[in-house]
Asker: 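Supplied in structure tokens, the structure appears directly below.
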Amino acid sequence: RAMTEAPDGGVVVALADFEFDPDEAGLALYRFSRDGALLWGPIEFGTAALRTTPVDWYWEGDELVIVWTEIENFTHYVTHTQKLANNGQKLWGEAGNVVWEREGKKLRAEVEKPANAAARLVVVSGRSIMQPESLFVGELNSAGQLAQAEFVSGGLTYDTYDPRSAVMGD
């Protein structure tokens, strides 16, 4: 998804800027009012691996929680969370939270927020996203950190969940 409707009827738009590889895209968000006026942006999030894993988000009242994955040094996949206030201010620090990391295995992360429940982070890990090796489901706490994770399934070679590779919260 590259756009989401804001609770006030406006929209938030994610834009990617890359020269050669969408997995090395600069990621920025903009918020527009219902009549098209720019309210804030660009809010930059660094580099995102948009070919491997799209940006995902959910609304928590009038605040937006965003999840994205970046690639460091071509093989190190890092998944982040960040919360934006209604005015675009980053609420979880400038860099957000690192919630999942893997070396040499691609990560695809998605997030969902059921009504009256904690947000769930779904992470698919594998050498190829089309042939995943492992599936994990984690719960995010109110600070956007991984509160718990559960290994759900695996393919021919199993990935492992190492709590030291993620920021564990309450």
Side-chain angles (χ1 to χ4, degrees), residues 1-16 22-23 25 27-32 41 43 45-71 77-86 88-93 95-102 105-126 128-155 158-163 165-170:
R1 302 179 298 188
M3 184 171 66
T4 182
E5 184 176 356
D8 64 3
V11 294
V12 173
V13 178
L15 294 178
D23 271 348
L27 175 63
L29 267 60
Y30 298 80
R31 185 165 182 174
F32 296 92
I43 306 295
F45 292 89
T47 304
L50 298 179
R51 179 184 351 198
T52 303
T53 184
V55 173
D56 205 7
W57 44 39
Y58 66 91
W59 287 97
E60 198 169 81
D62 65 351
E63 298 172 332
L64 182 65
V65 176
I66 180 171
V67 176
W68 77 99
T69 299
E70 68 177 328
I71 304 172
Y77 287 76
V78 183
T79 298
H80 300 267
T81 61
Q82 177 62 270
K83 183 184 269 190
L84 295 179
N86 192 33
Q89 176 187 2
K90 293 179 179 179
L91 298 176
W92 293 337
N97 298 307
V98 172
V99 292
W100 208 277
E101 295 182 65
R102 283 293 177 266
K105 296 209 177 182
K106 295 182 178 179
L107 294 178
R108 179 181 174 91
E110 296 181 18
V111 67
E112 64 175 24
K113 176 69 170 87
N116 302 319
R120 290 188 293 249
L121 179 71
V122 178
V123 178
V124 177
S125 174
S128 164
I129 296 304
M130 299 304 290
Q131 297 177 334
E133 295 176 358
S134 301
L135 175 66
F136 298 88
V137 176
E139 187 175 291
L140 295 177
N141 66 17
S142 61
Q145 299 168 329
L146 197 61
Q148 61 183 4
E150 177 183 343
F151 174 76
V152 177
S153 66
Y158 289 88
D159 202 352
T160 57
Y161 168 64
D162 179 357
S165 72
V167 177
M168 299 301 288
D170 55 304

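The basis for the numbers below is simple: all heavy atoms, side chains too, and nothing from hydrogens, waters or symmetry mates.
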Asker: Between D62 and P7, what is the shortest heavy-atom contact and its length?
Answerer: CA-CG, 4.0 Å
Asker: For the atom pair CD (E101) and NE2 (H80), what is the distance rounded to the nearest 0.5 Å?
Answerer: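 Those atoms lie 8.0 Å apart.
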Asker: Just how far is it from atom NZ of K90 to atom NZ of K83, taken to the nearest 0.5 Å?
Answerer: 15.5 Å
Asker: If I compare all heavy atoms of I43 with all of G88, which pair ends up nearest, and what's the gap?
Answerer: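 So the two residues come closest at CD1-O, 3.5 Å.
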Asker: Of the non-hydrogen atoms in A109 and V67, which two are nearest, and what is the gap between them?
Answerer: CB-CG1, 4.1 Å
Asker: Rounded to the nearest 0.5 Å, what's the gap from CD1 on I66 to OG1 on T4? Could you check?
Answerer: 10.5 Å
Asker: To the nearest 0.5 Å, what is the distance between CD (E112) and CG (L140)?
Answerer: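 Going from CD on E112 over to CG on L140, the span is 11.0 Å.
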Asker: Specify the closest pair of heavy atoms between G93 and Q82, including all atoms of both residues, with the distance to one decimal.
Answerer: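 Heavy atoms of G93 and Q82 come nearest at O-NE2, 2.7 Å.
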Asker: Taking all non-hydrogen atoms of both residues, which atom of V111 and which atom of D56 are closest, and how far apart?
Answerer: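 In terms of heavy atoms, the two residues are closest at N-OD2, 2.8 Å.
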Asker: Mind checking whether W68 and F45 have parallel, tilted or perpendicular rings, split at 30° and 60°?
Answerer: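 The rings of W68 and F45 stand perpendicular, inter-plane angle above 60°.
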Asker: Tell me yes or no: between the side chains of T81 and W92, is some donor less than 3.5 Å from an acceptor?
Answerer: no
Asker: Main chain of E5, side chain of W59: is a donor-acceptor contact present, judged purely on distance under 3.5 Å?
Answerer: yes
Asker: Could you check if a side-chain atom of N86 sits within less than 4.5 angstrom of a side-chain atom of R31, using non-hydrogen atoms only?
Answerer: yes
Asker: Could you pull out the closest heavy-atom pair between P114 and A118, with the gap in Å?
Answerer: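 P114 and A118 have their closest heavy atoms at CD-O, 3.7 Å.
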